[in-house]
Amino acid sequence: MAVKTRRYSARDVTILVIGLGVAIVVNVGLIWGPTLASVGLSGTDWNGIGPIEWIGGENYADLAGEYPPFWSAVRNNVLWLGFLGLIATPFGLFCAVLLDRRLRLSRVYQSALYMPVVLSLAVVGFIAQLVYSSDYGVLNAVTGLTVDWLGDRSINIWVVMVAAGWRHVGYVMIIYLAGLKAVDPALKEAAAIDGASESQTFFRVVFPTLRPINVIVLVITVIEALRAFDIVYAINRGRNGLELLSVLVTENIVGEASRIGFGSAIAVILLAISLGFIVTYLSQLFREER
Amino acid sequence: MNQRMPISRRNLLLGAAATFGVPAVLAGCGSDQPATPGKASGNSLGTVTIGSNASDEVPKKSLASVLESFTSAQVKINTVDHNTFQENINRYLRGTPEDVFTWFAGYRMQFFAEQGLATDISDVWREIGGDYTPAFKAASTGSDGKQYFVPFTYYPWAVFYRKSLWAEKGYEPPATLDEFTALARKMKADGLIPVAFADKDGWPAMGTFDIINMRTNGYDFHISLMAGKESWTDPRVRQVFDTWRGLMEFHQPAALGRTWQEAAQSLQQKKTGMYLLGMFVAQQFPESERDDIDFFTFPEINPAYGTDSIDAPIDGYMISAKAKNVEGAKALLKHLAQGASQNIATKLDPGTLAASSKADTSGYSALQKRGAELVSKASHIAQFLDRDTRPDFASTVMIPSLQSFVGAPNEIDSLLAGIEKQKANIFR
């Protein structure tokens with residue numbers, strides 16, 4: 001038999017153990033450990049100090065049935081995802097397409113649209129307050145309205161999403177712009193020669209070639225929607241119409257409240273939602289590779 | 001290229017380790033500063049550490065000045081941002097707390113004392129007890145009857161107004177709810193917004209709830225409601241919200257988008273007629289206009305209780321259970337309990353009053369004198385909703401609920417039923 005059995009030297013083994021071992025320890029300790037701990041704690045009543053008391057699914061029942069901010073947060077997270085996915089992202093693509101046509105001053109527009117991306121969402125939150133504050137805000141001062149943009153719970157989520165979208169548009173635009181620059185001009189020429197109209201060229205030829213970019217943008221949009229936190233926290237600590245799941249987790253666990261079991265239950269719900277997207281995305285990805 | 005791989009990977013791991021190490025280092029941060037350098041001589045009790053939430057300029061300065069005259073031990077202050085300190089108090093007290101820490105009286109103190117996170121200081125109280133009224137002693141006593149807290153300063157809640165505006169319009173402080181409503185109506189007719197109001201931060205509305213509840217149902221009911229012993233669907237609670245709803249038309253609209261500072265400024269600018277808030281409202285007035293501020297206690301609603309109760313939250317100091325230098329910490333608390341120490345603070349911060357009865361009130365501003373008089377007349381002193389009940393109930397149930405009431409004052413029944421259900425989940 002000419003098959004050479006591969007032998008690992010002591011050095012190889014050490015490197016393997018250290019290299020793989022550390023990775024596994026870090027992975028289990030920082031990702032799987034806390035995740036499973038959260039799932040475990042979500043079935044308990046614990047204030048962080050006293051004894052841990054097992055109460056089964058009661059936290060989930062309380063959450064769904066008796067905790068008004070919860071449904072409001074679910075609704076807001078869904079709205080957030082819908083707004084970013086259906087309005088901000090397409091608008092970013094639209095801007096990218098316009099800028100790709102080498103308009104005059106396109107660099108200026110490009111910088112103007114991209115500028116908000118360098119701001120942290122918390123900063124965007126502060127800017128939003130300067131604009132929307134009912135007594136001192138720019139918007140009411142300029143238009144002469146007396147709308148309580150941030151305090152009225154039927155409108156505040158919308159104006160905050162506009163502020164968050166302001167940033168998201170620039171982000172998406174720059175990614176698509178890079179993608180569009182990479183599209184082979186020969187494709188467009190060929191389409192033009194075949195008599196395709198502008199919109200046909202875009203939707204039938206250019207857009208399909210952007211597929212990898214679309215996937216990235218989709219993932220970014222979902223992540224942005226689920227992790228939204230800082231902007232509402234900066235505005236009113238995520239209360240009164242601006243509830244988000246991420247805020248409720250923090251509010252219950254991190255604050256003085258320390259309802260660790262209850263907060264963990266909310267975190268588990270957020271995890272389940274995120275897993276839904278991750279599993280869909282990964283299975284899509286693996287199917288293609290096959 | 002391949003040979004260099006392990007090195008870069010190792011560096012990566014090192015980098016990762018460094019990253020994970022950072023929070024631990026950060027946790028140890030804060031502005032450590034020896035408050036009394038050069039006072040090392042004569043200190044027999046070593047070093048006492050203080051965890052302070054006095055991150056704002058004035059309280060920070062006043063604590064530092066108070067400690068200058070403390071010579072029996074060296075003091076090291078660790079100042080942490082006010083809100084951060086409060087939110088991390090659980091972890092802080094279980095971790096490596098300083099010997100002495102700033103905290104609040106009432107249920108919020110009892111909560112941590114019950115968990116065994118505070119040191120019993122009944123022996124300190126045997127010495128300083130004579131300097132405090134029984135109400136202060138009660139607010140410093142845990143549910144086991146021992147003392148855990150030394151009151152330092154406090155501030156009463158009342159309805160504030162500008163004397164000049166009231167004199168100009170001929171308004172008189174109301175004594176009953178009917179007079180209050182009549183006054184508000186008159187202000188409205190004069191083009192003023194009668195009652196300044198803000199609840200963006202979630203807690204100011206608690207003050208309104210507290211006072212209407214105490215005026216309607218009395219102090220004992222209020223405290224027992226806060227302790228989770230009464231039902232929120234009780235008609236007596238409903239009565240409170242009904243009364244409040246009746247007053248909402250006189251409150252500044254769009255309150256949920258406004259901070260208390262903005263509401264206080266509207267009072268200062270004479271756009272609003274009066275404002276129910278703590279005495280710290282004075283901070284929003286320029287120094288030259290502070291003498292123009294006056295107040296009256298919220299008017300009587302139920303003659304059985306008159307105006308016998310007010311909110312007057314007490315700030316003070318406790319010793320953590322893990323304190324390393326208990327002797328020094330107790331000496332420091334005795335120092336802080338002295339009227340003279342508290343006078344330094346009340347001089348620097350005009351929005352506070354000294355807790356000790358031995359404090360010298362001759363240096364008080366007119367407003368402080370009136371405040372002290374108000375408190376001495378009250379037979380019951382409540383600590384404010386978020387200090388009189390469990391912290392988790394206050395922050396995760398009461399803040400959203402009161403905000404929802406302010407936003408939609410007509411849906412009282414469903415709101416109260418919701419609070420009652422959530423209360424049952426928390427007070428189990």
Side-chain angles (χ1 to χ4, degrees), chain A residues 11 15 18-19 22-23 26 29-30 45 47-50 53 55 58-59 61-63 65-70 72 129 132-137 140 146-156 235-243 248 250-260 262-263, chain B residues 6 9-10 13 16-17 20 83 86-91 93-94 108 111-112 114-117 198-202 252-259 262-263 265-266 271 386 390-397 399-401 403-404 406-408 414-415 417-422 424-426 428:
Chain A
R11 191 165 168 272
I15 289 176
I18 294 176
V22 169
V26 167
L30 294 176
D45 181 24
N47 65 7
I49 308 172
E53 202 183 314
I55 54 166
E58 215 170 301
N59 279 332
D62 294 350
L63 201 57
E66 294 162 5
Y67 189 54
F70 175 72
S72 170
Q129 295 190 65
Y132 295 129
S133 160
S134 67
D135 296 353
Y136 300 98
N140 277 352
T146 51
V147 180
D148 185 13
W149 299 104
L150 295 175
D152 185 337
R153 56 184 303 146
S154 59
I155 42 177
N156 57 8
I235 289 175
N236 68 358
R237 313 196 54 152
R239 291 168 179 151
N240 178 40
L242 296 185
E243 296 88 355
L248 294 188
T250 318
E251 184 79 16
N252 279 284
I253 294 183
V254 176
E256 206 186 320
S258 278
R259 294 171 81 184
I260 291 182
F262 192 68
Chain B
R9 195 172 289 162
R10 199 175 303 149
L13 289 177
F20 299 130
N83 283 331
Q86 244 158 276
E87 295 194 335
N88 293 308
I89 187 74
N90 261 325
R91 265 166 297 282
L93 290 178
R94 273 178 301 148
R108 232 163 162 183
F111 183 75
F112 293 104
E114 252 169 54
Q115 317 278 352
L117 294 170
D199 197 34
K200 188 176 166 192
D201 308 301
Q252 206 171 2
L256 294 172
R258 187 179 300 111
T259 62
E262 288 167 340
Q265 284 155 20
S266 74
K271 287 180 189 158
D386 66 4
R390 288 178 59 114
D392 43 5
F393 182 66
S395 65
T396 67
V397 180
I399 287 183
S401 301
Q403 284 189 329
S404 120
V406 172
S414 60
L415 180 79
I419 297 179
E420 179 59 23
K421 277 190 209 155
Q422 295 181 74
N425 295 336
I426 287 181
R428 46 176 156 221

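Lettering of chains follows the sequences in order, A, B, ..., and the numbering in each one begins at 1.
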Subject >> A:Asn156, part contacting chain B, at a heavy-atom distance under 4.5 Å >> reply: neither

Subject >> Heavy-atom contact with chain A under 4.5 Å, split by part of B:Leu117 >> reply: side chain

Original post:
chain B heavy atoms under 4.5 Å from A:Ile55: which part of the residue, side chain, backbone, both or neither?
Top reply: side chain

Original post:
Is chain A contacted by the side chain of B:Ala394, its backbone, both, or neither, given a heavy-atom distance below 4.5 Å?
Top reply: neither

**OP:** Count the heavy-atom pairs under 4.5 Å between each of A:Arg237, A:Glu53, A:Glu243 and chain B, then report the option with the highest count.
**Re:** A:Arg237

Original post:
Taking only residues two or more places apart in sequence or in another chain, which ones pass side-chain hydrogen bond (donor to acceptor under 3.5 Å, both in side chains) with B:Gln422?
Top reply: none

Original post:
Is any side-chain heavy atom of A:Gln129 closer than 4.5 Å to a side-chain heavy atom of B:Lys200?
Top reply: yes

Subject >> Proximity breakdown for A:Asp152 and chain B, heavy-atom pairs closer than 4.5 Å >> reply: neither

Original post:
What closest approach, in Å, do A:Ser134 and B:Arg258 show between heavy atoms, and which atom pair accounts for it?
Top reply: OG-NH2, 4.5 Å

Subject >> Heavy-atom closest contact (A:Leu63 atom, A:Phe262 atom, distance) >> reply: CD1-CZ, 3.6 Å

Subject >> Sequence-distant partners of A:Glu58, salt bridge (Lys or Arg N to Asp or Glu O under 4.0 Å), two or more places apart >> reply: B:Arg428

**OP:** Measure distances from A:Tyr132 to the heavy atoms of chain B and classify the residue's part below 4.5 Å as side chain, backbone, both or neither.
**Re:** neither

Subject >> 4.5 Å side-chain heavy-atom contact, B:Arg390 and B:Thr396 >> reply: no

Original post:
Which atoms of B:Asp199 come close to chain A, meaning under 4.5 Å heavy atom to heavy atom: side chain ones, backbone ones, both, or neither?
Top reply: neither

